[in-house]
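Take a look at the structure set out below.
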Amino acid sequence: MALHRGAHRSQDSDGERKVAVNPFFGEANPVAGMDTAPPKHRLAETPLPPSTAFQLVHDELMLDGNSRLNLATFVTTWMEPQAGVLLAECRDKNMIDKDEYPRTAELERRCVSMLADLWNAPDPSAVVGCSTTGSSEACMLAGMALKRRWSQRASKRQEGSRYPGAARPNLVMGVNVQVCWEKFCNFWEVEARQVPMEGDRFHLDPQAAADLCDENTIGVVAVLGSTFDGSYEPVAELCAALDALQERTGLDIPVHVDGASGAMVAPFLDTDLAWDFRQPRVSSINTSGHKYGLVYPGVGWALWRSSAELPEELVFRVNYLGGDMPTFALNFSRPGAQVVAQYYTFLRLGREGFRAVQQTTRDVAMRLGERIEELGDFRLLTRGNELPVFAFTTAPGVSSFDVFDVSRRLRERGWLVPAYTFPENRTDLSVLRVVCRNGFSEDLGDLLMGDLESLLPELRRQSGPAERSAAEATAFHH
Ligand SMILES: *Cc1c(COP(=O)(O)O)cnc(C)c1O
């Protein structure tokens, strides 16, 4: 969320910055009159009638984009009306209040069990897990568990000293990780050791990751479904490289899989890919319920293989609301409705339903990628056959326009297709990325193609890429 500043006083003083009120709106305000404008940046002295307040807020929001045409986001933008009813029924439920809402707590518990089973935990009854507000919170929790385990190992090595010497913990990851891992490292003072991109490899290299590990490495993060291009990182190969490292050096480095998107795709479409708890080295996994878990924002999940991977000292026991409940979370209060909606989605679709939905989305992505490739102006970097997401750039020899031009022109037609520059060592490469989600149908794909085809002739006639601001060139939409 943007960090906002208050408004200048002058904007709030009389005669400045008022919300414009149409006299048609609602009942007359008996105190202030029918068309009195409330200030924008401070509380008005008097209330408004509900219909007027509603209309004002409603109208202001008209200029927000149409979320279904947003091909930048991974987050769910369509759910069934029945899910909407459940969400509305549960909007007053506070997730932390497990004693007051024991059934909501039970549904959360069932979701954790279902995910443990889906992610092939050898002993699902040993798995511990929780819901979160999203993958970012889940990654913070998983990272904290890794850090605390390292600190326990290190203090064992250094007998008794809780903070061993001047040792600084580090976390190894690809440079393509989502921003939440940079946040984790910043907030919790962990060194981020990033494997750069190299040539046509746009994510982590297993051997390069193992080479960055030392005795202060708290873990390695593997991303199942890179936000940059939709590719899966090679989890099994990473585990093998870390096995070899352990044989050579004795270092036993745990792996966390950030499956924000892929942990809800691979279990249905890539059942042979052993990316999950089938790898003994994978100690924890997160996913975003609100991405390919098909629930509106915000719900995520964090699971640990067993309580041995989640140090007990991080777990708080909440008992002042009645009952005794172990919790691991950053927030205290949090909406329960999304957890209920996640359970509904699991119940509603089952494995077959999820498989069908995700396969359809993958088919749409792959078909759209092929059609874009057939235009001849573009080169695909990924094809939507892992996450239903693909990245593409301009074909060699295309010099009259660049990816930023394409993004800007598509935006004129209502489509949000982000363009951004890759990180080290491929900062020479700028791409467009399309994220297909449930609800982005073959038909909508046709409409996007139609718009792209109709603006290409103009782009080809340009004498070169349009100038752009520095902000435009570096903006990356996670
Ligand atoms: C989206 C994403 C995150 C952050 O998840 P939120 O649910 O948006 O907080 C973390 N990692 C990856 C790989 C992601 O795609």
Side-chain angles (χ1 to χ4, degrees), residues 95-96 98 105 107-154 169 171-173 177-178 180-181 184-185 188 190 217-224 233 235-236 238-239 242 252-260 262-264 266-267 274-289 293 299-318 325-331 334 339 342 346:
M95 202 64 232
I96 193 69
K98 316 242 183 223
L107 299 191
E108 179 189 36
R109 201 180 350 256
R110 287 184 205 166
C111 288
V112 168
S113 298
M114 288 174 175
L115 290 170
D117 174 57
L118 195 63
W119 296 341
N120 295 296
D123 179 6
S125 68
V127 166
V128 287
C130 56
S131 66
T132 60
T133 50
S135 278
S136 301
E137 185 188 8
C139 293
M140 298 298 146
L141 300 181
M144 283 195 286
L146 290 176
K147 188 179 177 200
R148 187 57 60 91
R149 283 169 66 199
W150 163 82
S151 148
Q152 289 172 344
R153 284 195 302 276
L171 181 64
V172 172
M173 60 189 93
V177 288
Q178 209 264 359
C180 72
W181 290 106
F184 168 78
C185 288
W188 273 272
V190 171
T217 301
I218 65 172
V220 180
V221 174
V223 180
L224 200 75
E233 290 193 328
V235 180
L238 172 68
C239 291
L242 293 173
D252 183 6
I253 311 278
V255 168
H256 172 81
V257 179
D258 177 358
M264 289 308 292
W275 62 274
D276 51 16
F277 288 123
R278 280 170 284 184
Q279 300 292 341
R281 199 169 280 283
V282 169
S283 64
S284 47
I285 300 174
N286 70 275
T287 197
S288 295
V299 60
W301 300 93
L303 269 68
W304 290 264
R305 172 183 294 275
S306 77
S307 46
E309 278 75 18
L310 175 57
E312 177 65 21
E313 59 196 83
L314 294 177
V315 175
F316 282 76
R317 309 223 159 240
V318 180
M325 188 64 73
T327 68
F328 188 31
L330 296 182
N331 294 59
R334 177 161 62 82
V339 170
Q342 182 78 79
F346 285 165

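The structure places CG of Leu310 at 8.0 Å from SG of Cys130, a figure rounded to the nearest 0.5 Å. With rounding to the nearest 0.5 Å, the separation of CG in Asp276 from CZ in Arg305 is 9.0 Å.
Side chain of Thr132 to main chain of Gly134: a donor-acceptor pair is present (N/O by atom type, distance under 3.5 Å, no hydrogens or angles). At distances below 3.5 Å, not a single donor-acceptor pair connects side-chain atoms of Ser284 with backbone N or O atoms of Leu303. Between the side chain of Ser135 and the backbone N or O of Ser288, at least one donor-acceptor pair lies under 3.5 Å. Panel note: side chain Thr287, backbone Gly259; a donor-acceptor pair is recorded below 3.5 Å. Side-chain atoms of Lys147 never come within 3.5 Å of backbone atoms of Pro169 as a donor-acceptor pair (strictly under, hydrogens ignored).
Residues passing the side chain to side chain donor-acceptor pair (under 3.5 Å) test with Thr327, sequence neighbours excluded: none. For Asn331, there are no side chain to side chain donor-acceptor pair (under 3.5 Å) partners at least two apart in sequence or on another chain. Remark: Arg281 pairs with Asp243, Asp252 by the salt bridge (charged side-chain N to carboxylate O under 4.0 Å, His left out) rule, at least two apart or across chains. Partners of Phe277 under the ring pair (Phe, Tyr, Trp, His ring centres under 6.0 Å) rule, at least two apart in sequence or in another chain, do not exist in this structure.
For the pair Thr133 and Arg334, the minimum side-chain heavy-atom distance is below 4.5 Å. Considering only heavy atoms from C-beta on, Ser283 comes within 4.5 Å of Arg149 through its side chain. For the pair His256 and Asn286, the minimum side-chain heavy-atom distance is below 4.5 Å. At least one side-chain heavy atom of Met144 sits less than 4.5 Å from a side-chain heavy atom of Leu330. Under the 4.5 Å side-chain criterion, counting only non-hydrogen atoms from C-beta, Ser131 is in contact with Met95. Looking at heavy atoms from C-beta onward, Trp304 lies in side-chain contact with Leu141 at the 4.5 angstrom threshold. Within the 4.5 Å cutoff, the side chain of Trp275 has no heavy atoms near those of the Asn120 side chain. For the pair Glu233 and Val257, the minimum side-chain heavy-atom distance is 4.5 Å or more.
In this structure, Met173 and Cys185 approach most closely via the heavy-atom pair CE-SG, 3.7 Å. Summarising the geometry of Gly289 relative to Gln342, their closest heavy-atom pair is CA-OE1, 3.0 Å, with the distance given to 0.1 Å.
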Please test Val282 against Val235 for side-chain contact (heavy atoms from CB on, under 4.5 Å), starting from the C-alpha separation and ending with a verdict. CA-CA 9 Å; Val282 169; Val235 180; 4.0 Å; yes

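For residues 107-123, the pairs satisfying salt bridge (charged side-chain N to carboxylate O under 4.0 Å, His left out) are Lys98-Glu108, Glu106-Arg109, Glu106-Arg110, Asp117-Arg351, with sequence neighbours left out. A salt bridge (charged side-chain N to carboxylate O under 4.0 Å, His left out) check over residues 126-138, counting only residues at least two apart or in different chains, returns nothing.
Salt-bridge formation is not detected for the pair Glu312/Arg148: no Lys NZ or Arg NE/NH1/NH2 atom is positioned less than 4.0 Å from an Asp or Glu carboxylate oxygen.
By the 30° and 60° cut-offs, the orientation of the rings of Phe184 relative to Trp181 is perpendicular.
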